[in-house]
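Data first, discussion second: the structure below is written as structure tokens.
Sequence lines set the chain letters: A, B, ... in the order given, protein chains first and strands last, and positions in each chain run from 1.
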Amino acid sequence: MSNLRIAEIFEKMADILEVQDANPFRVRAYRRAARTIEGLGREAAGIAAEGALSELSGIGEDLASKINEFLATGKISAYEGLKKRVKPVLLDMMDIPGIGPKTAKLLSDKLKVKSLDDLEKKAKTHKIAGLPGLKEKTEENILKGLRFLKKDSGRMPIDTAFTAAAGIIAGLKRHPEVIDISPAGSLRRMKETVRDVDILVTSKNGGKVIEAFTGLPEIASVSARGETKSSVVTKDNVRVDLRVVPPESYGAALMYFTGSKEHNIAMREMARKKGLKINEYGVFRKRGNRKIAGKSEDEIYSLFKMPYVEPELRENTGEIDAALRGRLPRLLSVDDIRGDFHIHTKASDGVLSISEIAALAKKRGYEYALISDHSASLKIAGGLGEKRMLRQIETVRRFNARYTGIEILIGSEVDILDNGDMDYSDEILKKLDFVIAAIHSGFKQTKEKLTSRIIKAMHNRYVNTIAHPSGRLIGQRDAYDLDYEKIFAAAKKTKTALEINACPERLDLTDINARRAREAGVKLGIATDTHTKHQMDNMIYGVSVARRGWCGKKDVLNCLGLKELKRFVQEKRNGKNID
DNA sequence: GCCGTTTTCGGCCCGACTGTTTTCAGTCG
């Protein structure tokens, strides 16, 4: 997807300009443009074709022409030029926490640092202390920062952050000086990966709370510690930032600390134009500095005549404008989910029995749960041949006859073969309640080939969703290249839903593609891809992707009750709308 | 580099903490 590449280049250009001590607002313009492009609901090429690039927020004539140049040539000459004028090690050094453009440049100019390894050597041999403004403490911090970079490239999966936050919140909740406590930052916005865990506390005695926080047993080291703010690293190498504010500032602080940065900047700019100022303590009139709001987020948004903006939407990708016009979507919640669409039993590569699955699903208040073991050709995962599949169908039917309170649907995660055919005959497929189709082979094929395999599968009247459509594994395997415009069009036409796989390593579709799918009128199915007991709890992460994709109940297939769901399946089987 | 019911030029979000300083620059979120 070229959007990501363009964003990456703008981000790099900002880094280089920063090292060159360019106008900081110019640097910010590049960063802001990068975020705009990254969060775009569609391919920049489409917008460029309409000549509408410069209508995007933060993109003017100059950046629009740079994007056009990239779309035409695959390069931006200004970037190529900038790259030549700066040593790569400078940019590497800026990845180290605590080192910004100024320090990086100083180290490069005065010490001729050649690489991060070289930097480590120079810090260890005390070559850094003695440079203007730097002493032993800076050397220690550089070494600490380098160790942090080596251990972990930075971002962790959402569930790791969730667990770390839960532990710390549990540890502080009962402290007598803690009044409110909440996760904030990208964790509260439920981004798919998180760099550090942010936690907000209200208290009348910040010092005591910070003292308790830095003394928690799971903390390995403390990197900053003040009266209202502290940063630590846990024994699991998770960075945690804690911030303490007085109770009357809870809303303002929660908004500030939740971000995103871009959302906050946009809100603050709006405030400034009205003669107001927003900071983490409240909203103030500039004249006289009188506080007029801040206790709750609701109070702040309504001051600007906006409804409450859900944290998942706060990315400055149109939510402020939508809120001002009263056009924010009503997002689905995890309580709206009526069933889980993707569960493996021990018949293939899961560990649960049918009755265990039924009990777990019932406990969650579901009306239905779909058993979806692998089909024959996925031998490595114990895929079921047609005979075993027929037996499993019978087993589930018998199970339902004697079990009450939930319906177990029988389905399958059927392989899409190389030619786009399904791995089971229609004779088998028609006996199933619901069919998931998935690609498990040929990830390196061309965009055209992979796209056409999926589209052909969608045209099978028994196929109801496409599982983990892009095949990505976060941090391990890139998404394969698909023509999403074509996929969305085919999904809509054939009444096939696209899965949001809720497994934290997958989260596939992504939030951005979920939003594009929704805008294209495509239904989504949120599914946990459960193999073991606790994985049914991952539903929250899939729902969060849908929320970040602006989805409401009506966009999500498993918000339907059982009857409506069966009707949806039957409509496709009747085949009126498929070529 | 962007942007405009205060402006086409002159602004551009705002504050905390650290390490090095005796009043602040750099970095971060």
Study note, to complete from the structure: Of K191(A), R188(A), R515(A), R547(A), the one forming a salt bridge (Lys or Arg N to Asp or Glu O under 4.0 Å) with E312(A) is R547(A)

Review point. Looking across every strand, which nucleic acid part, if any, lies under 4.0 Å from Y256(A) by heavy atom: base, sugar-phosphate, or nothing?
Key: base

Check your understanding: Across the strands shown, which category fits S230(A) at heavy-atom distances under 4.0 angstrom: base, sugar-phosphate, nothing?
Key -> nothing

Review point. So what does R243(A) touch, heavy atoms closer than 4.0 Å: a base, only the sugar-phosphate, or nothing?
Key: sugar-phosphate

Practice item. Identify the 5'-most and 3'-most nucleotides of DNA chain B with at least one atom closer than 4.0 Å to a non-hydrogen atom of chain A. Key: dG1(B) to dG29(B)

Revision key, fill the gap. Of E262(A), E8(A), E18(A), the one forming a salt bridge (Lys or Arg N to Asp or Glu O under 4.0 Å) with R31(A) is E18(A)

Point to revise | Same-atom distance (P) from dT18(B) to dG10(B), integer angstrom | key: 39 Å

Review point. Just checking P24(A): base, sugar-phosphate only, or nothing, at a heavy-atom cut-off of under 4.0 Å?
Key: nothing

Review point. When you compare dC2(B) with dT7(B), how far apart are their C1' atoms, in angstrom units rounded to a whole number?
Key: 14 Å

Point to revise | dG11(B) to dA16(B) separation - P atoms, rounded to the nearest Å | key: 25 Å

Check your understanding: Which part of the nucleic acid, if any, lies within contact of N264(A), taking any heavy atom under 4.0 Å across all strands shown: a base, the sugar-phosphate backbone alone, or nothing?
Key -> nothing

**Study point:** Inter-nucleotide P distance (dT6(B), dC12(B)), Å rounded
**Key:** 16 Å

**Study point:** Residue whose nearest DNA chain B nucleotide is more 5′ - L63(A) or F25(A)
**Key:** L63(A)

Review point. With sugar-phosphate meaning primed atoms plus P, OP1 and OP2, does K137(A) contact a base, only sugar-phosphate, or nothing at under 4.0 Å between heavy atoms?
Key: sugar-phosphate

Review point. Touch check for I96(A), heavy atoms < 4.0 angstrom, all strands: base, sugar-phosphate only, or nothing?
Key: sugar-phosphate

**Study point:** Inter-nucleotide P distance (dT27(B), dT20(B)), Å rounded
**Key:** 13 Å

**Study point:** Check: R225(A)/S230(A) side-chain N/O donor and acceptor closer than 3.5 Å
**Key:** no

Check your understanding: Across all strands shown, which nucleotide pairs with dT8(B) by Watson-Crick or G-U wobble geometry, both distances under 3.5 Å?
Key -> none

Point to revise | Test applied, salt bridge (Lys or Arg N to Asp or Glu O under 4.0 Å); reference residue, E192(A); option that passes from R506(A), R472(A), R548(A) | key: R472(A)

Point to revise | Stacked cation flag R314(A) on Y308(A), 6.0 angstrom / 45 deg | key: yes

Revision key, fill the gap. chi for dT20(B) classified (syn = within 90 degrees of 0, anti otherwise) as anti

**Study point:** side chain to side chain contact (heavy atoms under 4.5 Å, CB included) partners for S108(A), two or more places apart
**Key:** K87(A), L90(A), M93(A)

Review point. If you find the nucleotide of DNA chain B closest to L276(A) and the one closest to E139(A), which residue's nucleotide is nearer the 5' end?
Key: L276(A)

**Study point:** Distance, P atom - from dG4(B) to dC17(B), rounded to whole angstrom
**Key:** 35 Å

**Study point:** P atoms of dC13(B) and dT5(B), separation to the nearest Å
**Key:** 16 Å

Review point. Which part of the nucleic acid, if any, lies within contact of S231(A), taking any heavy atom under 4.0 Å across all strands shown: a base, the sugar-phosphate backbone alone, or nothing?
Key: nothing

Check your understanding: Do you see a donor-acceptor pair shorter than 3.5 Å between the side chains of H263(A) and E319(A)?
Key -> yes

Check your understanding: Are the side chains of F162(A) and P157(A) in touch, meaning some heavy atoms are under 4.5 Å apart?
Key -> no

